[in-house]
Amino acid sequence: MSATSPTVLSEFEPSARQPTALPPYETRVPEAMNNYNLPSDPLLITEKVQRLGEQFPTFANKSADDLEDLLRFEDLFQAHIDGLEQVQLMRTLEYELREENERLAEVNLSSEDELRKMRDSVAELQMFASSLTSRLYELVQEHLDLQKPYSPMLLLQRLRDEVKGLDEQADAAARAFMAKEEAIESAECEDFVKTYKQLRLRFHSSEARCRLADAAYRSGSLSGVPLSLDR
């Protein structure tokens, strides 16, 4: 092709453009820009142009040829998009977020040894707490075992046995005194009477407490009833 021929001009030069139909748009071009027809209403056109100038001033200030070039050449369209203030702001925010994420990752990595030590310390404390819990259960069981002999039912049974033993002891003392064949002196008789009275007094006192305790045990309220065998 001759160098003097007008067809050798680059298609990027204004004189090289021919009034031919534009090729089909690439699919990566936004759909809203494909096959767009201007409305016939002049007021509507004015409104859309005004909105275009407000929202996208960089497009509103371009000529029809410049807009055709943007639609026709992908690299030119991408370069114009990259130069938009909104896109630059978005990429700036993206860069700042990436930097912050990297900083946080470095902080986390630098704290790895400390976190591992803390985790080991927590594991030791958990083991110590587990041993204390086991010991607590053992002490509770020991406490329950110590309480068993002093349960209301067992104390009541011990009180009944005491009443029975006092009664038998008093009867045994009386039989022994009556079984004597030799003459009984007055001093010996007085000692027997004193001992027998003490035994019967303890018997009646214990028997009264036993009846009260038994009634309270059957009713489910043993509070306030003296079951102690101490004298």
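FYI, the numbering just counts along the sequence from 1.
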With rounding to the nearest 0.5 Å, note down the distance linking [atom1] in [X] to [atom2] in [Y].
X      : Y      : atom1 : atom2 : answer
Leu199 : His204 : CG    : NE2   : 11.0 Å
Leu159 : Leu156 : CG    : CG    : 6.5 Å
Tyr137 : Leu132 : OH    : CG    : 12.0 Å
Asp161 : Cys210 : CG    : SG    : 9.0 Å
Gln86  : Met90  : CD    : CE    : 10.0 Å
Ile81  : Gln78  : CD1   : CD    : 7.0 Å

Note to self: How about CD on Glu114, more than 12 heavy atoms from neighbouring residues, nucleotides or ligands closer than 6.0 Å, or not?
What the structure shows: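 No, because the 6.0 Å sphere around CD of Glu114 holds 12 heavy atoms or fewer from other groups.
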Margin query: Do Leu201 and Val193 sit in one hydrophobic cluster, given that two such residues count as connected whenever their side-chain heavy atoms are within less than 4.5 Å of each other, even indirectly?
Written below: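 Leu201 and Val193: separate clusters.
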Would you say the side chain of [Y] lies within less than 4.5 Å of the side chain of [X], judging by non-hydrogen atoms?
X      : Y      : result
Gln157 : Arg160 : yes
Glu142 : Leu139 : yes
Leu136 : Val140 : yes
Arg98  : Glu102 : yes

Note to self: On a heavy-atom basis, which atom in Tyr196 and which in Ala170 lie closest, and how many Å separate them?
What the structure shows: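 Closest pair (atom of Tyr196, atom of Ala170, distance): CE1-O, 3.3 Å.
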Checklist line | Taking every non-hydrogen atom, the tightest pair across Glu207 and Val163 | finding: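 Closest approach of Glu207 to Val163, heavy atoms only: N-CG2, 3.6 Å.
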Item checked: Full working for side chain to side chain contact (heavy atoms under 4.5 Å, CB included) between Gln88 and Asp82 -> CA-CA 7 Å; Gln88 292 179 356; Asp82 293 340; over 6 Å; no
Item checked: Side-chain H-bond candidate by donor/acceptor type, Asn108 with Glu112, under 3.5 Å ->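 Their side chains do not contain a donor-acceptor pair, so the 3.5 Å distance test is not met.
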Check: Does a donor on one side chain and an acceptor on the other come within less than 3.5 Å for Arg209 and Ser205?
Finding: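 Yes, a side-chain donor-acceptor pair sits under 3.5 Å.
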Does the pair [X]/[Y] count as a salt bridge with the N-to-O cut at 4.0 Å?
X      : Y      : value
Asp113 : Arg116 : yes
Arg103 : Glu106 : no
Glu138 : Arg135 : yes

Checklist line | Residue pairs fulfilling salt bridge (Lys or Arg N to Asp or Glu O under 4.0 Å) with at least one residue in residues 191-201, sequence neighbours excluded | finding: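 Applying salt bridge (Lys or Arg N to Asp or Glu O under 4.0 Å) to every pair that reaches into residues 191-201, excluding sequence neighbours, yields Asp167-Arg200.
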Checklist line | Trace of the side chain to side chain contact (heavy atoms under 4.5 Å, CB included) decision for His80 with Leu76 | finding: CA-CA 6 Å; His80 183 77; Leu76 188 61; 6.0 Å; no
Checklist line | side chain to side chain contact (heavy atoms under 4.5 Å, CB included) between Met127 and Glu124, intermediate numbers included | finding: CA-CA 5 Å; Met127 293 180 61; Glu124 293 177 0; 5.7 Å; no
Quick check: does any side chain N or O of [X] sit under 3.5 Å from a backbone N or O of [Y], one acting as donor and the other as acceptor?
X      : Y      : value
Ser131 : Phe128 : yes
Ser206 : Phe203 : no
Ser110 : Val107 : yes

